[in-house]
Asker: 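Sending over a structure as structure tokens; questions will come in a sec.
Counting starts at 1 for both ligands and their atoms, following the listed order.
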Amino acid sequence: MSVASFVESLHQFLQKDQISENETVREQHSIDESYHKGELTQVVVFPRSTEDTSRILEAASRHAIPVVPFGLGTSLEGHVVPLKECVTIDFMEMNSVLTISPDDLMVTVKPGVTRSQLNRELKKHGLFFSVDPGADATLGGMAATNASGTTSVRYGVMRDQVRDLEVVLASGEVIHTGSKAAKSSAGLHLNGLFVGSEGILGCITELTLKVYGIPEYEMAGRATFPSVENAVQAVVSLLQSGIPIARVELLDEISLKQLNIHQKMSYPEIPTLFMEFHGNEAGLAEDVEFMKEIVAMYNCEAIEFVTDHAERSRLWEARHNLAYSFIHAFPGRKMMVTDVCVPISELAGAVRYAQEKLHELDLIGGVTGHVGDGNFHVILMIDLMNPEEKERANIFNESLVTYGLERNGTSTGEHGVGYGKQKYMHQEFGAALGVMQQIKSALDPQGILNPGKLLPARGDGVNEHVIKS
Ligand SMILES: Cc1cc2nc3c(=O)[nH]c(=O)nc-3n(C[C@H](O)[C@H](O)[C@H](O)COP(=O)(O)OP(=O)(O)OC[C@H]3O[C@@H](n4cnc5c(N)ncnc54)[C@H](O)[C@@H]3O)c2cc1C
């Protein structure tokens, strides 16, 4: 059936301003923040409730129209980029914080709430939500990509925060995947299944999440090292020592240079760890002394601490804006970010390999990363008009993924698969990929949910039509 007859059916239950066929709106919903390209979405719809979403999906199923769920479009692997004729479902109007339960350390939100919006609300109750990707993403999008950030080393990733999701399935049926209990041994782990499913199994319309009390005392600092390898080795030792580190981020020389220019900072342009510790003042004083002894063993050249709230915020804001520092420095170029995650014992070797490869392939890029998790990024700025340079960037990305997979790592620690990393799924999962494809077929037999993303074609029609296009 046609998109036109589908849209006609939407007019029976949505308001006129919930359906947009405006060219600019369609263009804005057909890209993400990366170099990936696709088709133009046909229509953008803006549900205001779970019921709207359910009726949209029920109609999409009846008309066999592909739909792409959309949060803020900050993903980096073509997740929201249409690969064929489709309709985009934007959750921005479902953006209320429904309940905050300080006693249960829990919050229930609609999917369009952004992480900074949630933290503004939580602050009034002395609470915070821990997951902090570098973009101000929506919680629906963050759950759908299993996002993480600078604090994951201490508080875990998105999957660790989800107690319950309300999900609308392809048929329009509404289910809950968990409960409000802190733990449960009942049933299969549907929270885990839907978190990270990139909109291919259902649309998330409500999330119940764990939150935390704002720590009594926080200390942040920068430690500089003669080499990236020294810095990474120091992190491994810090983790082994059991010091309760809340954040530990690596920036190489090139990243610091971009950060200094764009954020008007004057940090030394040498390999640096940005660190943060949470706890009480007396306990932290001891931890920090111990930390100094450890980093000294790895030739740490200097450490500077900040406890003042404004200075600490400036430091982390600078780190969060690092990718944008690169984007501003190279107008006309597009960002390609690698996202390999390896066992921590392999991290130093992986970062060294990445730096050597960058040099060998003569590419512009900086190394940064959530090194406490074994996850690091190389931010490449590529000229899409130069096919030879794009090819070198692809070779770089691919060689890093291969290096990571050969060491029992993963092709993507936090950004997800979209269609950019799909080609690695066979190598990463082997026979388990078949199980994932069967789950997809069972939940979305017509393959209407975000087709062509995450899972490669199975050979039975699901996703296949898209991969060919
Ligand atoms: C500068 C920059 C820095 C970044 N830093 C990090 C980082 O540190 N850590 C990290 O993890 N990521 C990072 N990212 C990637 C990105 O911000 C995350 O992947 C984020 O979780 C995407 O959220 P979004 O709201 O923009 O979702 P979108 O990009 O709109 O969507 C992402 C995926 O989720 C699906 N989706 C969206 N909403 C729903 C829903 N309600 N139900 C079902 N599926 C849905 C979409 O179909 C798509 O597959 C960064 C991106 C940028 C541009």
Asker: Ring centres of His79 and His415 under 6.0 Å apart?
Answerer: no
Asker: Step through it carefully: locate the ring centre of Phe129, locate the ring centre of Tyr155, and say whether they are under 6.0 Å apart.
Answerer: no
Asker: Classify the ring geometry of Tyr353 against Tyr403: parallel below 30°, tilted from 30° to 60°, perpendicular beyond 60°.
Answerer: parallel
Asker: Using heavy atoms and a cut-off under 4.0 Å, could you grab the residues that are in contact with ligand 1, chain by chain, numbers ascending?
Answerer: Glu33, Pro69, Phe70, Gly71, Leu72, Gly73, Thr74, Ser75, Leu76, His79, Val80, Phe91, Pro111, Pro133, Gly134, Ala135, Ala137, Thr138, Gly140, Gly141, Met142, Ala144, Thr145, Ala147, Ser148, Glu198, Gly199, Gly202, Cys203, Ile204, Ala323, Tyr324, His370, Glu414, His415, Asn450
Asker: Is the centre of the Tyr324 ring less than 6.0 Å from the centre of the His262 ring?
Answerer: no
Asker: Check whether the ring centres of Phe91 and Phe70 lie less than 6.0 Å apart, and answer yes or no.
Answerer: no
Asker: With a 4.0 Å cut-off, would you call Glu269 and Lys257 a salt bridge?
Answerer: no
